[in-house]
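Remarks on the structure that follows.
Throughout, protein chains are lettered first and strands after them, A, B, ... in sequence-line order, and every chain is numbered starting at 1.
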Amino acid sequence: MKIGILLKEGPYNHQAADTAYKFAEAAIRKGHTVDAVFLYNDGVANVTKLMDPPQDDRHISSRWGQLHKEHGVEILACIAASKRRGICDDVLIEGSEITGLGNLTDIAIRNDRLLTFGD
Amino acid sequence: MKIGILLKEGPYNHQAADTAYKFAEAAIRKGHTVDAVFLYNDGVANVTKLMDPPQDDRHISSRWGQLHKEHGVEILACIAASKRRGICDDVLIEGSEITGLGNLTDIAIRNDRLLTFGD
Amino acid sequence: MGNENVKKIMHVMRQAPHGTIYTYEGLEMILIMAAYEQDLSLVFIGDGVYSLKKNQDTAGIGIKGFAKTFMALDGYDVEKLYVDRVSLEERGLGEEDLVVDVEVLESSEIGSLMKEQDVIIHH
Amino acid sequence: MGNENVKKIMHVMRQAPHGTIYTYEGLEMILIMAAYEQDLSLVFIGDGVYSLKKNQDTAGIGIKGFAKTFMALDGYDVEKLYVDRVSLEERGLGEEDLVVDVEVLESSEIGSLMKEQDVIIHH
Amino acid sequence: MLHTINKSPFSTDSLETCIRFLQPGDPVLFIEDGVYAVQQANRFSETLAGVMKNNPVYALGPDLDARGISNIVEGVSSIDYDGFVDLVVEHQVNSWL
Amino acid sequence: MLHTINKSPFSTDSLETCIRFLQPGDPVLFIEDGVYAVQQANRFSETLAGVMKNNPVYALGPDLDARGISNIVEGVSSIDYDGFVDLVVEHQVNSWL
């Protein structure tokens, strides 16, 4: 099955980013395709490479970058939401991209499911 | 009267940043001192100079920078919260600073009031 | 049973306006999706019904208002606007308080509409 | 009436742990403030009482747990931990379910404590 | 002590929780989405009436206007940001987030 | 249709709102802070029992463990992330945020 994910909250502040990641991991492990993770609202902050959490904590943006690298999952941040919150190409983690909401619509159309995680 | 402000949510996503600003403006207009605005949790995203909202919308980080420039209000972001969320010296708006929670404690001690705005 | 390439996508507005950006950015999403000729609907539940309240004037809080944008949806062929009757009533509001024409439905009717959807997005 | 340079600062924990970071970052704030020899207190109200629940194991969600950090507060001379009785009871919890010794108070008693504070911070 | 409430009473437990800890005479100020509490004839009218027996109640006017609320419960004072500052000068503050 | 709820029933109206729109037979999955709803003997036990009459109820095990909830209401199935995926494969999803 092909699955798209919409993530609406920023990293660390809400569990949404963690649940979305754990879900994606499990779906891939079970042989499904996770097509894309689309970041909206504060969710766009998931892909800043400037984050620098404590050593013993998870690194949320690297984790998304890895998911792209290892499993081809598109990691996309909405451009309008990103501009409001200071996310731009200069700070993006490798493997992620800033794009328009048309792309989210395509994701909704071409996948069997679109799952939302947020607050 | 001397007033400190603690702001716990990011810009645009929640009204907290706007209410805190409007309150600070009014307090200064009425002759009070707004000593500092301390940013915590997602609130640290208030001071990224990379934000680029639509032309006809308010520019929240510039507004905090102006408040510092015109009225000497310290605009401080917690270092631990900032590191988690990718806020660092490279992206700070002029007039703001990254600092420790000890500074917030000083603000709580030296002001007549410490007001919290958040979600 | 309908075009296989057309998806039923429902947007559920559940938050009050202005206190958070969810409804506003939700509306931005809907306006873009409207160009893709999918089967879109909007449902207003809980505090989401407040987004449609007449006479909102946001000048004093310094935030852009957007209630009028709901009126523009018609021009994008987004015509399915449903409001939950209970949500309206417990807030002391009636259809005459809203900026656009909507269909007021019972919760069970909205529940069955939800069940028909391919995608549901809460804002 | 007490040292003029010592402020009464109350931290109110109102959120469940893990779903959001507020309680965890609140605790980080409290640990720093504890070094400043102010008159600190912590109050657990509503879902905040869940932060003190025994046997939390966060390994499966990949987030660092912090319930044990509340036990360390004693070492920082933070000894005023109050829990709202109603909040505990409506959640089917008792003192024996909590990781630390706390004082369980009636809402009105917490209300009067609040009234004595110089600073109150909700997390 | 001034209590501020910034959430709609319909969506979170802020109002109902705050009420349990309120002391008689303490002013309550509704701001942001909290102002829906003072609209006439909604499900929380009785709750609000209970509060008003022992506590002065205020609502932030700019937030009322932004939400199109003109029919506010009698006895609630609409104030602007300057009025908010005055209340803060007069009282310590307890912001129920 | 699978309904997910990620908020504590005490702090927001997510559970009570979702219930009004649930269709008989639709599975309900509690995740994140939502899992507090399935702890035994809390204020929402009756509400949950009502849901369980017509709907299968699940809770995400890792979220239960993280919160130290071991005494869950009888009849609620604890599942892991793999089980979450299975439910999503079987149903369209309605995530009540």
Is it true that, when you exclude [X] itself, more than 12 heavy atoms of the residues, nucleotides or ligands shown sit nearer than 6.0 Å to its [atom1]?
X	atom1	result
A:E25	CD	yes
F:E46	CD	no
F:Q40	CD	yes

Engaged part of A:H32 at the chain F interface, taking heavy atoms whose separation is under 4.5 Å: side chain
Chain F contact via A:D18 - which portion, at a heavy-atom distance below 4.5 Å: neither
Pairwise distance CZ(A:R29) to OH(F:Y81) - rounded to 0.5 angstrom: 10.5 Å
Distance (rounded to the nearest 0.5 Å) between F:T4 OG1 and A:F117 CZ: 7.5 Å
Side-chain touch A:K30/F:D86, heavy atoms, less than 4.5 angstrom: yes
Heavy-atom side-chain proximity of A:Q15 to F:D63 below 4.5 angstrom: yes
Minimum heavy-atom separation for [X] to [Y], with atom names?
X	Y	result
F:V89	A:R113	O-NH2, 2.9 Å
A:A27	F:V85	N-CG2, 3.6 Å
F:K7	A:D119	NZ-C, 2.7 Å
A:K8	F:L97	CE-CD1, 3.7 Å
F:V88	A:M1	O-SD, 4.4 Å

Donor-acceptor contact below 3.5 Å, side chain F:S95 vs main chain A:T116: yes
Toward chain A, the part of F:D82 with a non-hydrogen atom under 4.5 Å: both
